[in-house]
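Down below is the structure, laid out as structure tokens.
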Amino acid sequence: MGEAYKLDCDTCVFTKNIFVGFGFSYMSLESIASFVQDAALKRCIEEFTGNPSTRYDAYDAIYVCPVCQDIRNELFIEMISDSSHYKISYACPKCASVMEQEHIENNAHVHLSCPACEKGKLKATFYMDWD
Ligand SMILES: [Zn+2]
Ligand SMILES: [Zn+2]
């Protein structure tokens, strides 16, 4: 089950809804491959799917740029087989730095600065479960 949070800046009007966690569609690699948009990632998943030793972990995650604080809500996926290992990484759309995964707790300030005003802190509020 996944969780949806609303992020609000304590200084300006910035707000963003984000989804984190494990959804029903992540129950198999075939299912993940069916909704992945990126052609290279899709091919990679299909290669791992063909290997019976593959183990994987996949969930929705929040990624933050350590340089400009931009936020992306993206699929985390890591696949390990006897012969290869793949872990996804995301580049910041603004400055191309490698983004870092953040963890979110209800009613807590996350370690995120506001990408809009850069002074405020973002607070996460849980608002629903999803699957
Ligand atoms: Zn702000
Ligand atoms: Zn950046």
Side-chain angles (χ1 to χ4, degrees):
M1 188 94 99
E3 296 174 334
Y5 290 91
K6 199 157 109 65
L7 297 180
D8 290 298
C9 178
D10 62 8
T11 302
C12 75
V13 297
F14 177 85
T15 179
K16 187 178 176 74
N17 293 337
I18 53 148
F19 298 88
V20 294
F22 185 81
F24 182 72
S25 51
Y26 303 161
M27 300 288 260
S28 75
L29 285 175
E30 287 88 344
S31 163
I32 296 169
S34 72
F35 67 79
V36 160
Q37 302 289 321
D38 185 284
L41 177 58
K42 203 190 263 290
R43 222 177 308 118
C44 178
I45 293 173
E46 280 160 4
E47 275 167 33
F48 275 93
T49 306
N51 185 329
S53 70
T54 297
R55 303 173 307 287
Y56 77 97
D57 194 13
Y59 52 86
D60 277 337
I62 178 165
Y63 286 87
V64 179
C65 176
V67 178
C68 71
Q69 314 298 332
D70 204 30
I71 297 169
R72 288 176 72 170
N73 192 186
E74 301 286 352
L75 172 73
F76 169 84
I77 182 164
E78 181 169 23
M79 297 176 286
I80 301 167
S81 74
D82 291 346
S83 51
S84 49
H85 178 211
Y86 173 87
K87 186 178 180 183
I88 202 159
S89 69
Y90 291 99
C92 174
K94 287 188 189 149
C95 72
S97 303
V98 176
M99 300 183 87
E100 292 169 356
Q101 202 181 132
E102 280 286 339
H103 291 280
I104 287 199
E105 274 177 60
N106 186 34
N107 264 324
H109 281 287
V110 282
H111 296 287
L112 303 177
S113 301
C114 176
C117 69
E118 293 173 10
K119 292 189 287 288
K121 286 279 172 204
L122 299 182
K123 187 175 180 187
T125 312
F126 172 82
Y127 72 91
M128 67 168 193
D129 288 317
W130 58 278
D131 59 20

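Counting starts at 1 for both ligands and their atoms, following the listed order. Values below: all heavy atoms of this structure, side chains included; hydrogens, waters and symmetry mates excluded. Note that the structure is a prediction, hence the values are computed from the model and not measured.
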Applying a strict under-4.5 Å side-chain criterion to I, L, V, M, F, W and Y, I'd like to know whether [X] and [Y] cluster together.
| X | Y | answer |
| --- | --- | --- |
| V98 | V64 | no |
| I77 | F24 | yes |
| L75 | I80 | no |

Do the ring planes of F35 and Y26 sit parallel (below 30°), tilted (30 to 60°) or perpendicular (above 60°)? tilted
Would a line drawn from the ring center of F126 to the ring center of Y5 be shorter than 6.0 Å? yes
Centres of the F76 and F22 rings: under 6.0 Å? no
Taking 2.8 Å as the limit, list every protein N, O or S atom around the Zn ion (ligand 1), by chain and residue number. C9 SG, C12 SG, C114 SG, C117 SG
If I take the Zn ion (ligand 2) as the centre, what angle separates the SG atom of C68 from the SG atom of C95? Nearest 10 degrees is fine. 130°
